[in-house]
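Take a look at the structure set out below.
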Amino acid sequence: MTSWTRYIGCVTFAVFLLTGCGTATDENTDEPREDTVKEGNEGNTSQGDNHDNRSDNNKVRLMEQNLQYTINGEAKEKTAFLKKSDNQPFSLYVLQQFRLSAEEPGKDIVFLTEDDSIYMRIELLKTDVNWDEVEKNVQAQLKSISETISDPSLDVEGGTGFEVESGNDVITSILLKDEKSPVRLTIFTKKDRDYRDAFLVMAKTLMKR
């Protein structure tokens, strides 16, 4: 090996050492890099089903909570679990005997696992919704089932309810007129299996993402 070759080899080795030292200094610096801080903050605000943050007040939602409701007049209390829709931008607490599922674009359902003919359809509406038009549409659809439309015997605070019966079937439409999260609910139950209050209690936990 010539002296010139040995010289090039020494220079190359020195450059390698300097490059390695520079990298080590960057990785062990006491000052966190800005992109690392951002990634950490994003990780703290999206933990899957563990919690959900509403954009207006960053309220943290627990993974589960107990809900009180009635079925055919009998008081119940069971655990509900926080679920996120993959179809619409919302989350809500779903009682353990029910399931949340997408029905079609813009519509989700929460159904009773042992009888999926008992379910609630959830439709998020625009914040500038025309409620007069929505109510006319709801009543027209219900009148196609029965001419007799009544008010459901439910606690629909801040909303409006319409209901018809057909044999043993009960169809209830509820409009939750929240300014930030207007929702249209359509509940399908039976006279002898009245899950309306359970559905409404779950719906009241709905929060837009």
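Since this is a predicted model, take the numbers as computed values, not measurements.
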Which is it for Ile118 and Phe199 under the side chain to side chain contact (heavy atoms under 4.5 Å, CB included) test, yes or no, and what are the steps along the way?
CA-CA 10 Å; Ile118 296 176; Phe199 283 124; 3.7 Å; yes
[X] side-chain N/O to [Y] backbone N/O, donor-acceptor pair under 3.5 Å:
| X | Y | answer |
| --- | --- | --- |
| Ser144 | Gln141 | yes |
| Gln88 | Leu124 | yes |
| Asp108 | Ser85 | no |
| Lys84 | Leu92 | no |
| Thr205 | Met202 | yes |
| Asp116 | Phe111 | no |
| Asn87 | Lys107 | yes |

[X] [atom1] to [Y] [atom2] distance, which is reported to the nearest 0.5 Å:
| X | Y | atom1 | atom2 | answer |
| --- | --- | --- | --- | --- |
| Leu185 | Leu206 | CG | CG | 8.0 Å |
| Ser166 | Ile171 | OG | CD1 | 6.0 Å |
| Leu95 | Glu77 | CG | CD | 10.5 Å |
| Glu165 | Ser146 | CD | OG | 8.0 Å |
| Ser153 | Arg196 | OG | CZ | 4.0 Å |
| Ile187 | Ile122 | CD1 | CD1 | 9.5 Å |

For [X] and [Y], work out which heavy atoms get closest and say how close.
| X | Y | answer |
| --- | --- | --- |
| Tyr93 | Leu82 | CD2-N, 3.6 Å |
| Ala80 | Leu67 | CB-CD1, 3.5 Å |
| Leu112 | Gln97 | CD1-O, 3.6 Å |
| Leu100 | Lys83 | CD2-CB, 3.9 Å |
| Thr70 | Ala75 | CG2-CA, 4.1 Å |
| Lys190 | Val170 | C-CG2, 4.2 Å |

Can [X] and [Y] be counted as having a side-chain donor-acceptor contact under 3.5 angstrom?
| X | Y | value |
| --- | --- | --- |
| Ser117 | Asp115 | yes |
| Asp192 | Asn72 | no |
| Asn66 | Thr79 | yes |
| Ser91 | Arg209 | no |
| Glu163 | Thr172 | yes |

State which residue, out of Val156, Val183, Thr160, fulfils the side-chain contact (heavy atoms from CB on, under 4.5 Å) condition with Ile174.
Val156
Side-chain contact test, heavy atoms from C-beta onward, threshold under 4.5 Å: evaluate it for [X] versus [Y] and give yes or no.
| X | Y | value |
| --- | --- | --- |
| Phe90 | Ser181 | no |
| Gln68 | Lys76 | no |
| Tyr195 | Asp197 | no |
| Phe162 | Thr186 | no |
| Ile149 | Lys143 | yes |
| Met63 | Phe81 | no |

Please determine if [X] and [Y] form a salt bridge, counting it only when a charged side-chain N lies under 4.0 Å from a carboxylate O.
| X | Y | value |
| --- | --- | --- |
| Glu114 | Arg193 | yes |
| Lys177 | Glu135 | yes |
| Arg121 | Glu123 | no |
| Asp155 | Lys204 | yes |

Single-linkage hydrophobic cluster, 4.5 Å side-chain cutoff, [X] and [Y] together:
| X | Y | answer |
| --- | --- | --- |
| Val110 | Leu125 | no |
| Phe188 | Ile71 | no |
| Leu176 | Leu154 | yes |

Could you walk me through whether Lys126 and Asp128 pass the salt bridge (Lys or Arg N to Asp or Glu O under 4.0 Å) test, one step at a time?
CA-CA 5 Å; Lys126 296 181 179 179; Asp128 60 350; 5.9 Å; no
Checking Val164 against Thr148 for the side chain to side chain contact (heavy atoms under 4.5 Å, CB included) test, could you report, in this order, the C-alpha distance in whole Å, the side-chain angles of both residues, the deciding distance, and whether it holds?
CA-CA 6 Å; Val164 295; Thr148 304; over 6 Å; no
Above 12 or not: heavy atoms from other molecules or residues under 6.0 Å from CD of Glu157?
no
Can you confirm whether more than 12 heavy atoms, excluding those of Glu179, are under 6.0 Å from its CD atom?
no
Step by step, would you call Tyr119 with Phe98 a ring pair (Phe, Tyr, Trp, His ring centres under 6.0 Å)?
CA-CA 9 Å; Tyr119 66 98; Phe98 295 86; over 10 Å; no
Give the C-alpha distance, both sets of side-chain angles, the deciding distance and a yes or no for side chain to side chain contact (heavy atoms under 4.5 Å, CB included) between Leu175 and Val134.
CA-CA 9 Å; Leu175 305 177; Val134 174; 3.7 Å; yes
Would you sort out whether Lys180 and Lys208 count as a side chain to side chain contact (heavy atoms under 4.5 Å, CB included), showing the intermediate values?
CA-CA 8 Å; Lys180 295 181 179 180; Lys208 288 182 69 175; over 6 Å; no
